[in-house]
Colleague: 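Submitted below is the structure of interest, expressed as structure tokens.
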Amino acid sequence: MSINRRHFNQLLLLGGAGLAWGGIPSGASAVETPVSGGTLNWAYYPDPTALIAINTSSGTGQAIGPKINEGLLDFDYDLNPKPLLATSWSASDDGLRYTFALRKGVKWHDGKDFTSEDVKFTIFRLKEAHPRGRITFQNVTSVETPDPLTAVIVLFKPAPYLISALGSSESPIVPKHVYETFKPTEQPTLAQTIGTGPFILKEWVPGSHLIFDRNPNYWDAPKPYLDRVVLRVILDPAARAAALETGEIDIGANPVPLSDIERLKANANLVVDTTTYAYSGPQQQLFFNYENEILTKKDVRLAIAHAIDLQKLVDIALFGYAKVSPSPISTALPKWYDPSIKAREHDPKLANKLLDDAGYPRGANGTRFKLRLAYNSFLQPSYADFIKQSLAAVGIDAEILKLDLATFLKTVYTDRAWDLVIESLSNTFDPTLGVQRAYWSKNFKIGLVFSNASHYSNPEVDAVLEAAATEPDEAKRRQLWYKFQHIIHNDVVSVDLVAAGAQIVANKRVRNFAPGAQGINNSFGQIWLSPSA
């Protein structure tokens with residue numbers, strides 16, 4: 001693999017958290033001979049509205065898309081890159097040119113050739129339409145295509161995280177001849193949902209299921225080993241738990257209430273994997289809508305922070321399956337997280353005083369004001385319940401908005417009809433991609449999901465974020481991220497809650513379900529079903 005080792009080692013050092021909380025992943029298969037055939041039944045929620053992560057950072061696109069569309073690279077558990085659609089790659093000494101040799105003989109599902117023109121089109125589509133891609137590829141000036149199997153990404157400033165961003169769940173390569181026929185904000189129809197991946201999407205019945213059949217012309221034969229993958233939309237957590245326990249379902253991510261995890265761990269037929277995979281960087285946050293005059297007052301935001309007992313949120317609402325993570329950078333990213341930032345003390349007395357001094361005394365009914373509290377439907381409802389109760393104790397009436405995913409995204413990012421939102425904006429493997437989007441003023445855009453929901457704008461923060469995005473020296477870059485965290489924390493721009501890892505529950509016959517840094521958000525090309533389990 002041709003690469004400038006000095007620069008490449010810098011890139012890896014600037015990568016993600018690795019297995020910060022993990023051990024040996026349960027999804028990693030022992031040395032066994034894969035068996036071909038069979039159908040994998042996959043429990044999924046919420047009902048997906050977007051399948052390909054070309055214009056969304058939604059969990060649905062990250063989980064479903066890689067089965068159909070592949071990235072240039074794959075990654076092992078420590079974020080070391082591996083060949084996928086690119087077989088080799090090199091970076092110039094100044095970090096401004098990345099040259100990729102593309103795999104020969106790869107076909108799109110409709111039989112057309114995969115070429116460098118598809119890579120060029122994809123990079124600019126991601127730059128325009130993807131919430132994180134707008135940052136990942138912000139320094140890209142051109143993509144050269146000297147021949148069908150060579151793509152050269154050219155930048156005007158370094159992007160030290162670029163290589164790590166080229167996985168299937170983050171930057172899927174899409175067919176130019178299909179995607180250029182519709183707007184960047186649109187998702188493909190069923191007929192247009194084609195890729196180079198191991199599975200072909202054959203059927204999609206919203207609210208019910210998706211069916212993926214084996215790609216008989218897949219470039220990496222004899223993969224995929226499965227004949228078919230059936231994604232079943234099951235919204236009720238009790239039904240998902242029952243389906244896993246009876247063997248009706250083979251695998252699911254975060255499939256059951258946290259209160260059920262210990263019971264499932266005791267089931268001899270199931271594997272419960274709680275590994276934190278390097279691509280995830282979990283972080284859950286409470287954001288303020290700065291368009292609400294009440295929330296523009298720092299003392300109000302500080303009062304809300306002091307009203308929430310983060311450790312009790314972990315212990316009671318999340319059954320211990322999380323860690324307090326009080327900074328805008330997740331504790332799961334120890335390379336960038338500043339440990340000097342501590343959670344604010346739970347202090348209802350101080351919170352009450354701050355609210356009184358801000359000019360919001362309690363009314364006759366004990367309430368000061370009312371706020372609309374939205375929460376990402378990927379999260380356990382217990383987050384919202386806990387925060388509602390915490391705020392009620394200091395006289396704030398939080399009205400919980402219970403919304404399906406599509407309505408949540410529209411309400412928060414388009415209609416902006418909310419006051420507080422509990423989000424789950426993954427830090428991913430690098431804060432420039434996962435964190436910057438939430439605080440960078442240039443990433444506020446009506447309708448741009450999973451971005452700067454608060455409508456926060458601070459020129460000093462913008463400057464720090466932009467400097468961190470291009471700084472190749474690791475030590476200097478860390479200091480920039482430390483400075484950023486202190487500004488955000490001191491100004492109470494958000495209440496950073498917890499880093500809650502995911503749980504994957506699988507039948508023991510499912511082998512190799514999480515073979516690298518993307519966890520279950522991989523292609524499923526490596527999964528096989530053991531007949532002896």
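Predicted model, so just to flag it, every value in this text is computed and none were measured.
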Colleague: Is a side-chain donor or acceptor of Lys67 paired with a backbone partner of Asn522 at a separation under 3.5 angstrom?
Modeller: yes
Colleague: Within the structure provided, determine whether Thr432 and Ile135 are in side-chain contact (heavy-atom separation under 4.5 Å).
Modeller: yes
Colleague: Work out which heavy atom in Leu433 is nearest to a heavy atom in Ala165; give both atom names and the distance.
Modeller: CD1-CB, 3.7 Å
Colleague: Testing the 3.5 Å rule here: is there a donor-acceptor pair between the side chains of Gln311 and Asp315?
Modeller: yes
Colleague: Looking at Ala417 and Arg372, what are the two nearest heavy atoms and their distance?
Modeller: C-NH1, 3.4 Å
Colleague: Show the numbers, then the answer: is there a side-chain contact (heavy atoms from CB on, under 4.5 Å) between Glu466 and Lys442?
Modeller: CA-CA 11 Å; Glu466 290 163 13; Lys442 298 174 187 177; 3.1 Å; yes
Colleague: Tell me whether the NZ or CZ atom of Arg477 lies within the 45° cone about the ring axis of Trp336 and under 6.0 Å from its centre.
Modeller: yes
Colleague: With the side chain counted from C-beta on, respond yes when Thr275 and Tyr77 share a heavy-atom pair under 4.5 Å apart, and no when they do not.
Modeller: no
Colleague: Hey, mind stepping through Ser325 and Gln283 against side-chain hydrogen bond (donor to acceptor under 3.5 Å, both in side chains) and telling me if it holds?
Modeller: CA-CA 7 Å; Ser325 191; Gln283 181 78 344; 2.7 Å; yes
Colleague: Any chance NZ of Lys388 has more than 12 other-residue heavy atoms, nucleotides or ligands included, within less than 6.0 Å?
Modeller: yes
Colleague: Check this for me: Lys353, atom NZ, are more than 12 non-hydrogen atoms of other residues, nucleotides or ligands nearer than 6.0 Å?
Modeller: no
Colleague: Checking Asn427 side chain against Pro282 main chain: does a donor-acceptor pair fall under 3.5 Å?
Modeller: no
Colleague: What residues form a side chain to side chain donor-acceptor pair (under 3.5 Å) with Gln436, not counting sequence neighbours?
Modeller: none
Colleague: Quick one: list whatever passes ring pair (Phe, Tyr, Trp, His ring centres under 6.0 Å) with Phe137, sequence neighbours left out.
Modeller: none
Colleague: For Arg344 versus Val492, what's the shortest heavy-atom pair and its separation?
Modeller: NH2-CG2, 3.8 Å
Colleague: Let me confirm one number: the OG1-CG distance from Thr246 to Asn269, rounded to the nearest 0.5 Å.
Modeller: 10.5 Å
Colleague: Between Ile329 and Asp338, does a side-chain contact (heavy atoms from CB on, under 4.5 Å) hold up when you go through it step by step?
Modeller: CA-CA 8 Å; Ile329 293 182; Asp338 183 349; over 6 Å; no
Colleague: Are Ser390 and Asp309 packed together at the side-chain level, in the sense that at least one heavy-atom pair is separated by less than 4.5 angstrom?
Modeller: no
Colleague: Do Asn376 and Glu423 meet the criterion of a side-chain donor-acceptor pair at a distance under 3.5 Å?
Modeller: yes
Colleague: When you compare the side chain of Leu497 with that of Leu310, does any pair of heavy atoms fall below 4.5 Å?
Modeller: yes
Colleague: For the pair Ile234 and Ile249, evaluate side-chain contact (heavy atoms from CB on, under 4.5 Å) and give the outcome as yes or no after the intermediate values.
Modeller: CA-CA 10 Å; Ile234 305 177; Ile249 289 295; 4.1 Å; yes
Colleague: Please examine the side chains of Leu405 and Phe378, heavy atoms only from C-beta on, and report whether any two atoms are closer than 4.5 Å.
Modeller: yes
Colleague: Answer with yes or no whether the side chains of Lys297 and Tyr360 bring together a donor and an acceptor at under 3.5 Å.
Modeller: yes
Colleague: Take His455 and Phe444 through the test ring pair (Phe, Tyr, Trp, His ring centres under 6.0 Å) and record every step on the way to the result.
Modeller: CA-CA 6 Å; His455 200 175; Phe444 174 77; 3.6 Å; yes
Colleague: Under 3.5 Å, is there a donor-acceptor pair linking the side chains of Asn352 and Arg362?
Modeller: yes
Colleague: At their closest point, which heavy atom of Ala514 faces which heavy atom of Ile520, and how far apart are they?
Modeller: CB-N, 4.2 Å
Colleague: Are Arg240 and Tyr45 in a cation-pi contact, defined as NZ or CZ under 6.0 Å from the six-membered ring centre and within 45° of the axis?
Modeller: yes
Colleague: Are the side chains of Ser494 and Ile488 in touch, meaning some heavy atoms are under 4.5 Å apart?
Modeller: yes
Colleague: Hey, mind stepping through Arg368 and Asp356 against salt bridge (charged side-chain N to carboxylate O under 4.0 Å, His left out) and telling me if it holds?
Modeller: CA-CA 9 Å; Arg368 302 174 187 275; Asp356 287 339; 2.6 Å; yes
Colleague: Closest heavy-atom contact between Arg132 and His130?
Modeller: N-ND1, 3.0 Å
Colleague: Does either side chain, that of Ser169 or that of Gln518, offer a donor lying less than 3.5 Å from an acceptor on the other one?
Modeller: yes
Colleague: Show the nearest heavy-atom pair for residues Ser330 and Ala499, with the distance to one decimal.
Modeller: OG-CB, 3.6 Å
Colleague: Taking atom NZ of Lys312 as the centre, does the number of heavy atoms from other residues, nucleotides or ligands within less than 6.0 Å exceed 12?
Modeller: no
Colleague: Got Lys265 and Leu270 here, is their nearest side-chain heavy-atom distance under 4.5 Å?
Modeller: no
Colleague: Give, for atom CD1 of Ile316 and atom CG of Asp385, the distance between the pair rounded to the nearest 0.5 Å.
Modeller: 12.5 Å
Colleague: Return yes if a side-chain donor-acceptor contact under 3.5 Å exists between Gln503 and Thr274, otherwise no.
Modeller: no
Colleague: For a quick check under 3.5 Å, do Thr428 and Ser426 share a side-chain donor-acceptor pair by atom type?
Modeller: no
Colleague: Are the aromatic rings of Tyr383 and Tyr375 close, with centres under 6.0 Å apart?
Modeller: no
Colleague: Has Lys127 got more than 12 heavy atoms of other residues, nucleotides or ligands less than 6.0 Å from its NZ?
Modeller: yes
Colleague: Evaluate the ring planes of Tyr439 and Phe484, with Trp represented by its six-membered ring, and classify them as parallel (under 30°), tilted (30 to 60°) or perpendicular (over 60°).
Modeller: perpendicular
Colleague: Does a donor on one side chain sit under 3.5 Å from an acceptor on the other, for Asn443 and Arg134?
Modeller: yes
Colleague: May I have the step-by-step check of side-chain contact (heavy atoms from CB on, under 4.5 Å) for Val324 and Thr331, ending in yes or no?
Modeller: CA-CA 8 Å; Val324 170; Thr331 55; over 6 Å; no
Colleague: Give a yes or no on whether a salt bridge exists between Asp491 and Arg301, defined as a side-chain N under 4.0 angstrom from a carboxylate O.
Modeller: yes
Colleague: Establish, yes or no, whether a centroid distance under 6.0 Å links the rings of Tyr456 and Phe287.
Modeller: no
Colleague: Say whether Asp404 and Thr407, considering side chains only, have a donor N or O and an acceptor N or O under 3.5 Å apart.
Modeller: yes
Colleague: Side chains of Asn289 and Asp419: any donor to acceptor distance under 3.5 Å?
Modeller: no
Colleague: Rounded at 0.5 Å granularity, tell me how far CG in Asn507 sits from CG in Asn41.
Modeller: 10.5 Å
Colleague: Quick one: are Val505 and Val271 in side-chain contact, heavy atoms under 4.5 Å?
Modeller: no
